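Okay, so here's the structure we're looking at.
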Amino acid sequence: MSMSDHIRNLNEKRSLLTNGGGTVRNSKQHKKGKLTARERITYLLDKDSFSELHPFAESRMPGLQSAAGDGVITGYGTIEGRPVYLFAHDFTVLGGTLGETHAKKIAAVMDLAAKNKAPMIGLNDSGGARIQEGVVSLDGYGHIFRRNVLYSGVIPQISVILGPCAGGAVYSPALTDFTFMAENTSQMFITGPKVIEHVTGEQIDAESLGGAGIHNVVSGNAHYSAKTEKEALSAVKTLLSYLPHGAETPSPAKKEDARPLLHTLVPADSSKPYDVLHVIKELADDGTFFDIQPYFAKNIVVGFLKLGRRTAGVVASQPKHLAGSLTIDAADKASRFIRFCDAFHIPLLTIADVPGFLPGIQQEHGGIIRHGAKLLYAFAEATVPKVTLIIRKAYGGAYVAMNSKAIGADLVFAWPNAEIAVMGAEGAASILYGKEIKASDDPEKTKREKTAIYQKENSGPYRAAACGMVDDIIRPEESRKKLIQAYDMLAHKEEERPKKKHGNIPL
Ligand code: HXC
């Protein structure tokens, strides 16, 4: 054969491969409101930046050899100029299921991502372990899970769920840092509706069992819910824009960093709810905040903002939900986020307006002690720059847990209205002066008086500032400037921890 014949032959093979499972299956994919694997890659990556790896790899199993790429496309490219590595299950080829070769392709691209310290993105659309290949499929998953764990904290790992993902196809995402889902077209479950009905008799459709709504609101397995696949992929690009990439050139604090609106955003009455997102956005560059897991444990907000062009991970009480108290789910959500930021050298900003851990039998029996301890652990363990801003109340154990000075904050700022105390003034007065209040002619009036006295003497920020627990009491409008200056000052922070194999976070 001449070179031209060889090239013609190669082109024919390539065009077969790029057609995935064929025209009929591709259009079935479109009819479901889904893109094909290659369309997803094209949408996600910078134009013409994709280089495919192992396109001609095929299964060793007779009968499966001609399946395009063995049901997965792997490779590397760039997103806004930044290198990323990815795999994309091709549901049109053997249901995107994972066999031996498919698993080897994914493991190989994960290894490359780790060696090159670049983010790894998985576009998941798979029926899980390929039944025909039996135990080698299970073994393949084992190799991927192990890499998910080994590379955790080494490279950011992002999962996008874009179809009905079952079995092993959901454990790998569960081991990654962030999971994005698209409404109505993506689901995650260990066993699907048919198996559940067979085993337990329970009847449920796929979306109610494991759709974006369930995993973003109830289970907490997902971090982002998009209306469409394209929106999910765009959100991945936005997330990446916050992750450190090469040398950053932060801008120093400027006069215009004063934000007068901050003065009015938090009600004086410490029991009045408000939306902390307004405060966060007012602090941020361009009023922009990337909210992670916005529908789960809404009493705590986590996400990324930029302060003088430098990214910070925010952990903020949300007084709009459960008065911003700490719960089991809130502690889980925040701890994992804190550990992500710490692993990838992203400074932390804690915004506290927290009445305490949520009291209740369900929380106690559910293990709030164990879960709440994760938050203490995560903050204390983190060595990145850590700054706390107390914007209203910070009571009891929750004050300590929300990155107090004692737990390791580098700097704590409080607004002049802040109340830092073991508990709210009314509760404290009832305990300290209970007998006096009961014996009084007008118990309500005495209670009010005692509460006011306690509040004046104990719960403002000045006592905490006098003891060094607060570094400075600042006006709300100067917060942004102070924070930018603080992160500039802490930019080269180094903090050692005792040498050990690893700690034992309460899981
Ligand atoms: C082989 C599979 C398959 C599988 C789907 N297919 N799952 N082939 N092994 N696990 C094939 C189908 O036969 C079909 O092929 C094509 O993929 C598309 O599947 P459909 O069922 O037609 O699509 P849909 O109706 O959209 O349903 C998708 C689905 C369903 C929800 C994923 O196929 C399903 O429930 N599959 C089984 C999922 C499952 O239980 N997996 C767990 C495996 S165990 P044709 O040729 O007809 O188009 C596992 C354990 C790992 O993963 C353990 C790690 C710890």
Side-chain angles (χ1 to χ4, degrees), residues 19-37 40 58-73 87-104 106-107 110 122-150 159-176 179 181-200 202-212 214-215 221 229:
N19 203 19
T23 316
V24 174
R25 284 172 195 263
N26 286 342
S27 70
K28 210 171 152 192
Q29 183 88 342
H30 289 150
K31 276 196 197 116
K32 288 182 192 160
K34 292 160 65 178
L35 300 171
T36 64
R40 287 167 181 161
E58 54 183 31
S59 173
R60 291 198 288 174
M61 183 129 188
L64 299 181
Q65 273 119 349
S66 57
D70 204 41
V72 68
I73 301 162
F87 71 81
H89 294 139
D90 188 344
F91 193 78
T92 67
V93 178
L94 301 168
T97 54
L98 182 137
E100 182 194 19
T101 303
H102 181 124
K104 279 189 176 154
I106 294 178
M110 290 174 81
L123 306 181
N124 298 269
D125 188 358
S126 165
R130 188 175 297 156
I131 298 164
Q132 301 91 311
E133 296 202 35
V135 289
V136 292
S137 308
L138 302 180
D139 183 65
Y141 270 125
H143 285 285
I144 292 170
F145 299 161
R146 184 163 165 270
R147 281 169 173 78
N148 285 134
V149 175
L150 292 181
S159 298
V160 195
I161 309 297
L162 297 168
C165 293
V170 297
Y171 271 126
S172 176
L175 291 166
T176 63
T179 298
M181 293 186 78
E183 288 168 22
N184 300 314
T185 53
S186 73
Q187 295 92 30
M188 291 197 286
F189 29 73
I190 298 295
T191 47
K194 285 180 205 151
V195 181
I196 290 185
E197 187 176 355
H198 181 68
V199 176
T200 69
E202 294 166 298
Q203 288 185 341
I204 188 162
D205 62 84
E207 188 68 12
S208 313
L209 179 64
I214 288 295
H215 288 308
N221 287 328
E229 287 199 2

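Counting starts at 1 for both ligands and their atoms, in listed order. If you're wondering where the values come from, they're calculated on a predicted model, not measured in any experiment.
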Please answer whether the main-chain N or O of R40 pairs with a side-chain N or O of E229 as donor and acceptor at a distance below 3.5 Å.
no
Neighbouring protein residues of ligand 1 - any heavy atom closer than 4.0 Å:
R25, K32, F91, L94, G95, T97, G127, G128, A129, R130, I131, Q132, L138, Y141, F145, P164, A166, G167, G168, Y171
Let's go through E207 and N184 carefully: what are the C-alpha distance in whole Å and the side-chain angles of both, what is the deciding distance for side-chain contact (heavy atoms from CB on, under 4.5 Å) to 0.1 Å, and is it a yes or a no?
CA-CA 6 Å; E207 188 68 12; N184 300 314; 3.8 Å; yes
Looking only at the side chains, is there a donor atom on one of [X] and [Y] sitting less than 3.5 Å from an acceptor on the other?
{"X": "D90", "Y": "T92", "value": "yes"}
{"X": "T97", "Y": "R130", "value": "yes"}
{"X": "S59", "Y": "E133", "value": "yes"}

What do the steps show when you test T36 against N26 for side-chain hydrogen bond (donor to acceptor under 3.5 Å, both in side chains), and what is the final call?
CA-CA 6 Å; T36 64; N26 286 342; 5.5 Å; no
